[in-house]
Q: 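Here you go, one structure.
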Amino acid sequence: MDENLPESPCPIQSWVSQASACVAHYAQGLLRIDAVAADILRVRFAPSGRLAPPRSWSPVLDLPPAGLSVTEEDGVVRMSTDAMGATLGLECGLLQFLTPEGQVFAADLGAPLWREVALEETGMEHMPEPELPAGDARIGVFLQKRMAPEEGYYGFGQRTGQLNRRYRRLTNWTIDKSSPGHSRGDDNMYQAHPMFMAVRPGLAWGLYLNSTWYSAFDLGAADEEVLTLFTLGGELDYFVFAGPTPAAVVEQLTRLTGRPMLPPLWALGYHQSRWSYGTDADVRGIAQTFREHWIPIDAIHLDIDYMDGYRIFTWDRNRFPEPSETIAALHEAQVRAVTIVDPGVKNDRETGYRTAESGLAGGHFIQRPDGEPFTGWVWPDESLFPDFCRGATRQWWGELHADLVGLGIDGIWCDMNEPSIVDRPFKVSGVCEQPVPLSITQGDDGEALHAETHNLYGQLMAQATWEGLERLRPERRPWVLTRSGFVGTQRWAASWMGDNNAWWEHLEMSLPQLASMGLCGSPHVGVDIGGFYQNTVGELYARWMELGTFYPFMRCHTHCDSRPQEPWSFGPEIEAIVRSAIELRYRLLPYLYTLAHLAHRTGQPLLRPLLYDFPWATHLHQIQDQVMIGPQLMIAPVCAPGVRRRLVELPPGHTWYDFRTGLPIDSDHLVADAPLGGIPILVRGGSVLTLGNIRPSTADPVSELTLEVYPDHNNAGNWTLIEDDGESFAYREGALCETEMGIAPAGQGAELWVAARRGDYRPPARRLTVRLHLMQPPVGVLLDGNEADGWTWDDERHALVLGLDDDGQEHRITPRF
Ligand code: GLC
């Protein structure tokens with residue numbers, strides 16, 4: 001695509017500086033650099049000289065601009081903020097970025113170029129029209145930058161394949177990547193994240209290509225050291241993040257595009273799903289069996305068969321005679337109900353179907369140029385598609401959830417929202433994809449082409465759903481799950497990676513896939529545990545559940561044709577393994593929920609690659625079969641059948657502990673035992689891991705909180721446990737409970753201090769158990785300076801154990817040697 005480019009526009013003819021911007025002109029084309037924050041610069045290049053109008057649905061938030069100092073010296077315009085700089089060569093017209101220390105990154109290799117692009121040159125498939133729409137839609141803009149030889153390229157959102165995407169060509173265009181399922185060599189999928197971070201020794205910087213049009217990155221595929229940014233739409237608009245660490249890049253990205261929503265606590269529990277638990281009896285039976293088998297669960301998902309002929313917002317009354325009673329029965333069993341809602345509204349104008357009628361009356365559906373609504377086929381056959389770019393349509397869509405909310409539904413699962421459309425009923429042979437024509441207009445007064453808005457369809461549906469739930473039930477945090485999404489979707493929804501297969505390869509692939517999502521600011525992610533297509537087998541299911549325990553969103557889901565995939569479906573041995581995996585999830589919830597709060601505050605992912613926490617340990621950057629879960633835990637799942645041991649790399653600089661034995665490991669790697677039911681879980685020294693007791697669901701409060709204290713070699717470390725009511729927005733007004741705790745050196749060992757609780761939320765009364773991992777048993781223990789009795793020494797796990805009431809006061813537990 002980047003061959004035969006026209007001559008570069010090169011020299012800058014003139015430039016002016018404004019308070020927080022620099023505007024320059026090539027002979028043809030305008031270049032504008034804005035300091036949207038001290039550590040985020042925005043670059044826009046418009047060959048037409050006109051910048052595109054702002055869009056109401058832009059994923060980018062307005063940040064208070066930062067000061068940009070601009071000077072000219074020796075033919076170079078130098079721009080700088082407090083955190084980064086950029087230079088623009090007047091003769092060559094090239095832009096490059098600089099760290100405060102003067103290290104160059106993201107340097108242009110040529111000035112931006114543009115030309116008309118043909119549809120066949122893009123990766124868009126099955127387009128109903130032979131050509132791209134006329135005008136800006138077919139003007140492709142290209143920019144080439146130098147890739148430092150030692151840089152790895154990470155992020156790019158939902159992808160298959162390796163964590164480091166260098167040498168690949170990746171496009172950004174949302175599609176239904178379902179049947180027959182995705183695999184390693186695939187490119188774009190259900191979600192689009194035109195965002196990456198480049199990581200080299202000592203520096204991570206990031207780039208978000210702010211284009212909702214079809215766009216692409218060439219990451220050294222065509223030329224080893226050349227990064228090409230490409231987008232349709234006639235303007236190049238990108239943000240550069242100064243880093244300098246991967247964590248800083250994620251913070252900068254989510255400051256710009258919105259922090260991840262805070263899920264209600266139950267959403268971090270275990271979810272059970274299949275296509276479909278299709279009758280009232282099925283749904284009740286599943287909940288009851290979980291309870292009979294003493295397996296914790298928080299949510300059951302209702303897939304498409306609960307509806308009447310797949311008409312969204314209806315119920316099949318033969319299958320669910322009284323939906324409110326079904327939901328009440330689930331709630332009685334402490335199980336939340338999540339219903340699927342697809343965007344396709346059955347084009348049923350005869351049976352008094354309210355959703356179609358009100359949508360048509362309100363002009364809420366995407367229209368063809370002749371004013372007739374656009375239709376295509378999905379589950380309910382011929383369907384209409386809401387135009388979520390319109391504010392009034394999002395409002396209407398939100399209100400449509402009133403009945404579901406009235407029934408007590410707890411969460412909404414948005415599916416098929418790429419949007420996925422075919423050209424005839426699914427049951428007729430020869431079904432072919434039939435995307436919305438790119439030339440159709442959307443938004444108020446048809447302000448934008450579908451070519452510009454396509455990538456946002458899933459995101460805007462999730463937003464409309466979340467905002468609707470928030471209005472309908474302001475006392476509860478909404479919970480939305482979406483399949484399609486874009487940069488920014490994290491503000492409203494969790495997501496899963498679509499229709500995978502019951503393959504070991506897909507268990508393995510889930511790690512780089514979810515880690516890449518996290519690097520793009522989307523932390524609440526999971527994949528279908530057990531696999532969607534195909535029949536899973538006991539060993540794979542058990543291994544996947546062991547890994548799924550650590551997915552930020554933990555759901556088992558499968559296809560209608562696959563064999564049962566409930567925890568008890570594979571016999572008692574596998575059931576026992578799966579039960580303890582889910583139990584571990586519940587024990588970890590106080591930690592995971594704190595991580596969800598941290599994600600909400602700074603964007604930091606719950607599940608992340610090693611490079612996130614150990615950017616200086618460059619030898620670990622490529623590792624993708626081990627991940628960190630927050631800063632304290634590292635997991636090393638087993639990704640192949642029959643394997644009962646595996647190599648685990650231990651990042652240097654810390655003492656690492658085996659979570660199961662509680663014992664320290666004195667090496668930079670480990671050949672760990674990994675029996676079925678026992679994937680390696682490591683704890684980083686310096687951690688105070690907060691564990692709850694096992695509960696049937698999150699409806700029962702934690703009655704026993706355990707502080708597992710793992711001193712580092714310097715006997716230091718700290719952590720703040722964050723709690724709230726788990727359900728409402730009261731945390732925004734300070735109804736939080738934050739408990740700071742830390743490890744400090746004491747004699748030949750370490751002591752634990754716990755600060756008094758902060759915040760207006762008080763957790764229910766509970767016991768506190770401290771387990772302080774030490775090299776040798778103490779002779780005595782001081783509790784707040786007084787000799788404590790009742791402590792014990794756990795010889796097997798090398799831990800001093802002390803129980804006390806969790807009274808919210810300051811405490812100090814000091815071993816005496
Ligand atoms: C899509 C979804 C899948 C769901 C199915 C039926 O394939 O990705 O999760 O079960 O549709 O609704």
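It should be emphasised that the depicted structure is a prediction, and the values quoted were computed from it without experimental measurement. In each ligand, atom 1 is the first atom listed, and ligand 1 is the first ligand listed.
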Q: Charged N to carboxylate O below 4.0 Å: is that the case for D348 and R311?
A: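 Salt bridge flag = yes for R311 with D348.
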Q: Which protein residues have a heavy atom under 4.0 Å from ligand 1?
A: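 W275, D303, I304, I340, W379, W413, D415, R483, W496, D499, F532, H557.
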Q: Please check if the distance between the ring centroids of H557 and W496 is under 6.0 Å.
A: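 No: the rings miss the under 6.0 Å criterion.
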Q: Donor-acceptor pair, distance only, cut-off 3.5 Å: does the side chain of H364 make one with the backbone of L360?
A: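 Checking the backbone N and O of L360 against the side chain of H364, no donor-acceptor pair under 3.5 Å is found.
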Q: Take I286 and E566 through the test side-chain contact (heavy atoms from CB on, under 4.5 Å) and record every step on the way to the result.
A: CA-CA 8 Å; I286 292 294; E566 288 80 44; 3.9 Å; yes
Q: Classify the angle between the aromatic ring planes of F388 and W397 as parallel (below 30°), tilted (30 to 60°) or perpendicular (above 60°).
A: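 Taking W397 first and then F388, their aromatic rings stand perpendicular (interplane angle over 60°).
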Q: Considering residues at least two apart in sequence or located in another chain, which fulfil the side-chain contact (heavy atoms from CB on, under 4.5 Å) criterion with R165?
A: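 With sequence neighbours excluded, R165 shows a side-chain contact (heavy atoms from CB on, under 4.5 Å) to F156, R159, R168, L170, L219, S516, given in chain and number order.
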